[in-house]
Colleague: 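This structure is in structure tokens; I'll ask about it shortly.
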Amino acid sequence: FQRSSGAIGSSLKGLASTFAGAFTAKQLQGVLDDFTRLQNSLRVAGLEGEALAGVQSKLLGLSTRYGVSINELANLYGQSAQAASDLGASEEQLLQLTEASAQALKITGTSAAQAQGALLGLTQALASGTVRAEEFNQINEGGLRPLLQVAANTERFGGSVAKLRQAVVDGKVSSQEFYTAILAGSEELDAKASKATLTLAGAFEALSSRLTVYMGEASAANGVTAALSGAIGLLADNIEVIIPALAVLVSALGIGFVTNAIAARVAAQSLGASLLTAFGGPVGLA
């Protein structure tokens with residue numbers, strides 16, 4: 001796959017106009033709406049102009065690194081920012097909190113879509129003043145348990161998530177204490193996330209986020225058609241982003257499959273079709 005990435009990228013560039021022509025107005029609107037929602041989430045945080053562009057760029061970097069949808073990260077950032085004054089949080093700390101959440105999702109292998117309830121629980125826990133049991137359970141069961149593990153690594157809880165939960169049930173954990181504990185343990189999350197392998201779904205999320213931002217910005221500047229062709233060129237230039245995740249998929253198929261000449265040939269012949277299927281067909285790929 002790694003050796004073939006250049007050829008795959010070249011092929012995609014050659015098909016750019018064909019893919020662009022396959023889009024319908026409804027599908028185009030869906031992509032551009034995603035970009036609009038992204039920017040609206042950041043405006044909720046009071047960001048405009050260069051400040052908005054700067055935070056958006058940083059969130060895109062997090063999306064690429066951890067395989068989490070940029071829209072979900074922007075929503076978390078925007079919602080957390082509304083509680084920033086109560087938490088005493090700076091922009092840098094809000095980004096640190098957002099990164100910690102993305103790292104937790106990479107560690108557990110949970111997609112942002114699957115973790116929507118957990119992310120909602122986290123924002124509510126930070127904004128409510130006191131962390132409630134319902135919010136704790138949402139975070140715990142929705143894919144963000146690593147956040148609870150680092151939050152429990154304080155002198156008060158001694159690394160015990162059970163003790164943290166009991167204190168939450170008793171109504172004795174403030175949003176400020178919870179938020180501070182997560183930030184304090186963010187280095188631990190960083191170490192764990194660096195050892196975790198990006199899932200195939202995460203790799204596609206990273207590409208999708210990059211395409212959403214590219215198409216949204218390019219459409220505003222150059223029109224939709226140019227944005228579409230350019231977006232496919234961007235995919236072609238960044239096809240190597242999904243290669244590590246594809247390698248994990250190959251490993252999961254088993255050594256016997258990989259070393260079998262006939263099966264390997266079948267796999268090679270179907271690679272193009274498989275990529276299209278994974279992206280949801282020509283339209284989804286574009």
Side-chain angles (χ1 to χ4, degrees), residues 41-42 44-46 55 59 62 66-69 71-196 199 202:
S41 293
L42 297 181
V44 166
V55 170
L59 292 179
L62 297 181
Y66 302 115
V68 180
S69 163
N71 281 78
E72 296 297 340
L73 294 178
N75 185 58
L76 174 60
Y77 180 94
Q79 294 297 322
S80 300
Q82 295 182 57
S85 58
D86 293 330
L87 297 172
S90 64
E91 178 183 302
E92 181 180 354
Q93 289 172 323
L94 288 175
L95 285 169
Q96 187 179 353
L97 175 69
T98 304
E99 180 171 12
S101 302
Q103 289 169 336
L105 293 179
K106 183 183 179 184
I107 292 167
T108 60
T110 305
S111 71
Q114 293 171 319
Q116 282 185 345
L119 292 169
L120 175 61
L122 176 60
T123 57
Q124 290 176 335
L126 295 173
S128 60
T130 301
V131 182
R132 295 169 293 199
E134 180 182 357
E135 297 157 354
F136 180 96
N137 291 336
Q138 283 182 292
I139 296 169
N140 186 42
E141 297 167 5
L144 290 176
R145 183 175 174 81
L147 286 183
L148 299 178
Q149 292 172 330
V150 299
N153 285 338
T154 64
E155 183 177 348
R156 179 183 177 188
F157 304 114
S160 172
V161 175
K163 288 183 179 179
L164 171 61
R165 183 184 183 283
Q166 187 57 54
V168 168
V169 171
D170 294 339
K172 296 180 179 179
V173 178
S174 70
S175 298
Q176 179 69 56
E177 179 183 12
F178 186 58
Y179 158 78
T180 302
I182 291 175
L183 292 189
S186 60
E187 288 188 10
E188 180 182 336
L189 285 173
D190 186 62
K192 290 182 178 180
S194 66
K195 297 177 182 178
T199 63

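Residue numbers start at 1 and run along the sequence shown. When reading the values below, keep in mind they use all heavy atoms of this one structure, side chains included, and skip hydrogens, waters and symmetry mates.
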Colleague: Please collect all salt bridge (Lys or Arg N to Asp or Glu O under 4.0 Å) contacts where either partner lies in residues 134-153, sequence neighbours excluded, each pair once.
Modeller: Arg132-Glu135

Colleague: Has Thr123 got a side-chain atom pairing as donor or acceptor with Leu120's backbone, closer than 3.5 angstrom?
Modeller: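 Pair found, side chain donor or acceptor close to backbone of Leu120.
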
Colleague: Is there side-chain contact between Tyr77 and Leu73, with heavy atoms separated by less than 4.5 Å?
Modeller: no

Colleague: When you compare the side chains of Gln166 and Asp170, does any donor N or O come within less than 3.5 Å of an acceptor on the partner?
Modeller: yes

Colleague: Tell me, do Leu147 and Phe178 make a side-chain contact under 4.5 Å, heavy atoms counted?
Modeller: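 Result no, sub-4.5 Å side-chain heavy-atom pair not found.
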
Colleague: So which heavy atom on Ala83 is nearest to which on Ala127, and how close?
Modeller: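 Scanning both residues, the minimum pair turns out to be CB-CA, 3.9 Å.
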
Colleague: Mind checking whether Tyr66 and Leu105 have side chains closer than 4.5 Å, heavy atoms only?
Modeller: no

Colleague: Identify, with sequence neighbours excluded, every residue that meets side chain to side chain donor-acceptor pair (under 3.5 Å) alongside Asn137.
Modeller: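 By the side chain to side chain donor-acceptor pair (under 3.5 Å) rule, Asn137 matches no residue at all.
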
Colleague: Between Asp86 and Gln176, is any side-chain donor less than 3.5 angstrom from a side-chain acceptor?
Modeller: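 Gln176 and Asp86 do not have a side-chain donor-acceptor pair below 3.5 Å.
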
Colleague: Determine whether a donor-acceptor pair (N or O, by modelled atom type, separation under 3.5 Å) exists between the side chain of Ser186 and the backbone of Ala100.
Modeller: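 A pair under 3.5 Å: no.
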
Colleague: Enter the distance from Asp190:CG to Glu99:CD here, rounded to the nearest 0.5 Å.
Modeller: 6.0 Å

Colleague: What distance separates Gln93 CD from Leu87 CG, expressed to the nearest 0.5 Å?
Modeller: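 Those atoms lie 9.0 Å apart.
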
Colleague: Would you name the heavy atoms of Leu94 and Ala89 that are closest together and state the gap between them?
Modeller: CD2-CB, 4.0 Å

Colleague: Determine whether Thr108 and Pro146 make a side-chain contact, defined as any pair of heavy atoms from C-beta on separated by less than 4.5 Å.
Modeller: yes

Colleague: Got a sec: does the CD of Glu187 have more than 12 other heavy atoms crowding it under 6.0 Å?
Modeller: no

Colleague: Can you list the steps and then say if Tyr179 with Val131 is a side chain to side chain contact (heavy atoms under 4.5 Å, CB included)?
Modeller: CA-CA 10 Å; Tyr179 158 78; Val131 182; over 6 Å; no

Colleague: Taking all heavy atoms of Lys163 and all of Phe157, pick out the closest pair and write down the distance.
Modeller: CD-O, 3.6 Å

Colleague: What distance do Gln149 atom CD and Lys192 atom NZ have between them, rounded to the nearest 0.5 Å?
Modeller: 5.0 Å

Colleague: Can you measure from OG (Ser101) to CG (Leu97) and round to the nearest 0.5 angstrom?
Modeller: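 The OG atom of Ser101 sits 5.0 Å away from the CG atom of Leu97.
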
Colleague: With rounding to the nearest 0.5 Å, note down the distance linking OG in Ser69 to CD in Gln116.
Modeller: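 It is 9.0 Å, given to the nearest 0.5 Å.
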
Colleague: I need the minimum non-hydrogen distance between Ala118 and Ile139, along with the two atoms involved.
Modeller: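 Nearest heavy atoms, Ala118 then Ile139: O-CG1, 3.8 Å.
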
Colleague: Looking only at heavy atoms, what is the nearest atom pair of Thr130 and Gly171, with distance?
Modeller: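 Smallest heavy-atom distance, with atoms named: CG2-O, 3.8 Å.
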
Colleague: Minimum heavy-atom separation for Leu164 and Ala151, please, with both atom names.
Modeller: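 Residues Leu164 and Ala151, closest heavy atoms: CD2-CB, 4.1 Å.
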
Colleague: Would a distance-only check, ignoring hydrogens and angles, find a side-chain to backbone donor-acceptor pair under 3.5 Å from Ser194 to Ala191?
Modeller: yes

Colleague: Could you check if a side-chain atom of Leu62 sits within less than 4.5 angstrom of a side-chain atom of Val68, using non-hydrogen atoms only?
Modeller: no

Colleague: Looking at CG of Asn75 and CG of Leu119, how far apart are the two atoms once the value is rounded to the nearest 0.5 Å?
Modeller: 8.0 Å

